[in-house]
Colleague: 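Take a look at the following structure, please.
One-based numbering, in listed order, for ligands and for the atoms of each.
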Amino acid sequence: MNPTHIEHIGIAVRSLDEAIPFYENVFGLKCYAIEEVKEQKVKTAFFMVGQTKIELLESTDPDGPVGKFIEKKGEGIHHMAFAVKDLESKLAETEKKGVRLIDQKARKGAEGLDIAFLHPKSTFGVLTEICEDKNKS
Ligand code: CMX
């Protein structure tokens, strides 16, 4: 797969309004964007740390992936996203290696990135995203 870097770490929180001040006041980071991703049933807030982002995820629907995660496990690290080049071919290559894919094809995520998820049962319990920013490649 040869990821170039960790693009972001997704953290499930009950409330963006409560979690954002923690990152701003304790870490001194600036929340530079808030975006709702309707398809994923989440509202996201972003902070930049070097070339990696922290993505806070608040569920907009208890039946969405983050709503279900919080109900089962509580708040915490939800997923890790690796930046790759040529996402579609990396996805095919990953599947050929026997990894279970959640997304057979890339779809659009927050900030216009092309994204695809690998199943946590295939990745030692870590929900793993691979993504590509076509504007940067
Ligand atoms: N990390 C690790 N394990 C997870 C997990 C996560 N984030 N979410 C679910 N699981 C585990 C559950 O604990 C459960 O394990 P057990 O069977 O051992 O109890 C198993 O996966 C199945 O979980 P579930 O609650 O029954 O939920 P589903 O199977 O319906 O969905 C998943 C799980 C990962 C397939 C689904 O959440 C998914 O498709 N996620 C990808 C999309 C997503 O998470 N979007 C939100 C962020 C989007 C963004 O960044 O913009």
Colleague: Note the single closest protein heavy atom to atom 27 (O) of ligand 1, along with its residue, its atom name and the distance in Å.
Modeller: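 Of the protein heavy atoms, K68 NZ, 3.6 Å lies nearest.
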
Colleague: Which distance, rounded to the nearest 0.5 Å, do you find between the OG1 of T44 and the CD of E35?
Modeller: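 Rounded to the nearest 0.5 Å, the OG1-CD separation comes out at 5.0 Å.
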
Colleague: Is the shortest distance from atom 4 (C) of ligand 1 to a protein heavy atom below 4.0 Å?
Modeller: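 True for atom 4 (C) of ligand 1.
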
Colleague: Give the residue, atom name and distance (to 0.1 Å) of the protein heavy atom nearest atom 29 (O) of ligand 1.
Modeller: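 Protein heavy atom with the smallest distance to atom 29 (O) of ligand 1: H119 NE2, 4.8 Å.
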
Colleague: Which residue owns the protein heavy atom closest to atom 38 (C) of ligand 1, what's the atom, and how far is it?
Modeller: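 Heavy-atom neighbour on the protein nearest atom 38 (C) of ligand 1: I102 CD1, 4.0 Å.
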
Colleague: Establish whether atom 22 (C) of ligand 1 and some protein heavy atom are separated by less than 4.0 angstrom.
Modeller: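 It does not: no protein heavy atom is found less than 4.0 Å away from atom 22 (C) of ligand 1.
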
Colleague: Looking at CE of M1 and CG of L87, how far apart are the two atoms once the value is rounded to the nearest 0.5 Å?
Modeller: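 So the gap between those two atoms works out to 9.5 Å.
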
Colleague: So which of K43, K41, K73 gets nearest to atom 13 (O) of ligand 1, if we judge by its closest heavy atom?
Modeller: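 Minimum heavy-atom distance to atom 13 (O) of ligand 1 goes to K73.
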
Colleague: Could you tell me whether atom 31 (O) of ligand 1 has a protein heavy atom closer than 4.0 Å?
Modeller: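 Within 4.0 Å of atom 31 (O) of ligand 1, no protein heavy atoms are found.
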
Colleague: Please state which protein non-hydrogen atom is closest to atom 8 (N) of ligand 1 and give its distance, to 0.1 Å?
Modeller: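 Looking only at protein heavy atoms, the one closest to atom 8 (N) of ligand 1 is F69 CD1, 3.9 Å.
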
Colleague: Give me the nearest non-hydrogen protein atom to atom 14 (C) of ligand 1 as residue plus atom name, then the distance to 0.1 Å.
Modeller: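 Nearest protein contact, heavy atoms only, for atom 14 (C) of ligand 1 is K72 NZ, 3.6 Å.
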
Colleague: Tell me, which protein residue and heavy-atom name are nearest atom 44 (O) of ligand 1, and how many Å apart are they?
Modeller: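 Its nearest protein heavy-atom neighbour is H78 CE1, 3.0 Å.
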
Colleague: Closest approach of L16 and P21, non-hydrogen atoms and distance?
Modeller: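 Nearest heavy atoms, L16 then P21: O-CD, 4.1 Å.
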
Colleague: For atom 36 (C) of ligand 1, grab the closest protein heavy atom and report residue, atom and distance to one decimal in Å.
Modeller: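 Among all protein heavy atoms, the one nearest atom 36 (C) of ligand 1 is P65 CB, 4.3 Å.
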
Colleague: At a 4.0 Å threshold, what atoms of ligand 1 neighbour a non-hydrogen atom of E55?
Modeller: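 So the atoms of ligand 1 that pass are 49 (C), 50 (O), 51 (O).
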
Colleague: Among all protein heavy atoms, pick out the one at the shortest distance from atom 42 (C) of ligand 1; state its residue, atom name and that distance to 0.1 Å.
Modeller: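 Answer, as residue, atom name and distance: Q40 OE1, 3.3 Å.
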
Colleague: Enter the distance from K96:NZ to L91:CG here, rounded to the nearest 0.5 Å.
Modeller: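 With rounding to 0.5 Å, NZ (K96) is 11.5 Å from CG (L91).
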
Colleague: When you check the gap from the basic side-chain N to the acidic O, do E111 and K53 get nearer than 4.0 Å?
Modeller: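 Counted as a salt bridge, because a side-chain N and a carboxylate O are separated by less than 4.0 Å.
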
Colleague: Under 4.0 Å between a side-chain nitrogen and a carboxylate oxygen: does that hold for D114 and K108?
Modeller: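 Salt bridge between D114 and K108, a charged N being under 4.0 Å from a carboxylate O: yes.
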
Colleague: Using a strict cut-off of 4.0 Å, indicate which atoms of ligand 1 neighbour a heavy atom of H79.
Modeller: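 Atoms satisfying the 4.0 Å criterion: 47 (C), 50 (O).
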
Colleague: Take the angle between the ring planes of F27 and F22 and call it parallel below 30°, perpendicular above 60°, tilted in between.
Modeller: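 Because their plane-to-plane angle is over 60°, the rings of F27 and F22 count as perpendicular.
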
Colleague: Give a yes or no on whether I54 and L113 share a hydrophobic cluster (residues Ile, Leu, Val, Met, Phe, Trp, Tyr; joining criterion: side-chain heavy atoms under 4.5 Å apart).
Modeller: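 I54 does not cluster with L113.
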
